[in-house]
Amino acid sequence: MPISPNQGSTGGGFVAAPTVTGFSPVTGLPAGGTLVDITGTALATTTEVTFGSVPATFAVLSDTRVAAVAPSQSPGTVTITLTTTGGSDAAPGGFLYLL
C-alpha cells in the first residue's frame, strides 16, 4: 500500500493512501440529501468528500467506512472522491443523480 508524508496537524509519521472500494446506494435525487455509505481502507483521516466537484458533508465512521450526504447536483453521473491526509482516491463507478 502506498504511503505519503502526514500533512495533518498531528505532525509525524506516514499515513497510508486511501483506497475506496465502493459505495451504496449508487443513485440519489438532484435535490441531494441521500446518505451514502463509502467503504475502503485507510479512511480514518478523511478531510474531504466530493461528488463531482461539490463538497459533501461527511462523518468518518471507522478506518473502513465514511458516511456522506450527497449534495444537490444536476441530473447525471458524478465521481465520488475521498481525500485523506495520505492522498485521494476516486470510488469505482459513478453516483447517478436521477430525476
Side-chain angles (χ1 to χ4, degrees):
M1 177 175 281
I3 55 175
S4 64
N6 180 353
Q7 300 298 318
S9 61
T10 58
F14 288 91
V15 175
T19 301
V20 180
T21 57
F23 60 92
S24 179
V26 296
T27 63
L29 297 174
T34 302
L35 183 61
V36 180
D37 186 38
I38 303 166
T39 56
T41 59
L43 307 181
T45 63
T46 297
T47 59
E48 182 178 50
V49 176
T50 57
F51 285 64
S53 61
V54 180
T57 301
F58 69 92
V60 176
L61 304 178
S62 71
D63 195 45
T64 60
R65 286 183 62 207
V66 171
V69 179
S72 62
Q73 292 261 24
S74 298
T77 302
V78 298
T79 300
I80 298 174
T81 303
L82 193 139
T83 301
T84 72
T85 58
S88 296
D89 194 37
F95 183 81
L96 178 61
Y97 283 91
L98 297 170
L99 286 178

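A quick note: this is a predicted structure, and the numbers were derived from the prediction, not measured.
- For the pair Ile38/Ile80, a side-chain contact is recorded, criterion being any heavy-atom separation below 4.5 Å from C-beta on.
- Shortest non-hydrogen contact noted between Val69 and Gly33 is CG1-CA, 3.7 Å.
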Under 3.5 Å donor-acceptor pairs involving side-chain atoms of residues 56-66, not counting sequence neighbours:
from: Ser62; atom 1: OG; to: Thr64; atom 2: N; distance (Å): 3.1
from: Ser62; atom 1: OG; to: Thr64; atom 2: OG1; distance (Å): 3.2
from: Ser62; atom 1: OG; to: Arg65; atom 2: N; distance (Å): 3.2
from: Asp63; atom 1: OD1; to: Leu43; atom 2: N; distance (Å): 3.2
from: Asp63; atom 1: OD1; to: Ala44; atom 2: N; distance (Å): 3.1
from: Arg65; atom 1: NE; to: Asp37; atom 2: OD1; distance (Å): 3.0
from: Arg65; atom 1: NE; to: Asp37; atom 2: OD2; distance (Å): 3.4
from: Arg65; atom 1: NH2; to: Asp37; atom 2: OD1; distance (Å): 3.2

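- Between Leu98 and Pro30, the shortest heavy-atom contact is O-CD, 2.7 Å.
- In this structure, Phe51 and Phe95 have perpendicular ring planes: the angle between them is above 60°, well past the 30° mark.
- When the side chain to side chain donor-acceptor pair (under 3.5 Å) test is applied to Thr39, the partners found at least two apart in sequence or on another chain are Thr21.
- With sequence neighbours excluded, the residues that form a side chain to side chain donor-acceptor pair (under 3.5 Å) with Thr45 are Thr85.
- Heavy atoms only, all atoms of each residue included: Ser88 and Thr81 are closest at CB-CG2, 4.3 Å.
- In this structure, Pro92 and Phe23 approach most closely via the heavy-atom pair O-CE2, 3.4 Å.
- Between Asp89 and Leu82 the shortest side-chain heavy-atom distance does not fall below 4.5 Å.
- Nearest approach of Ala17 to Ala42, heavy atoms of both residues: O-CB, 3.6 Å.
- The minimum heavy-atom distance between Thr84 and Ala16, with the atom names listed, is OG1-O, 4.4 Å.
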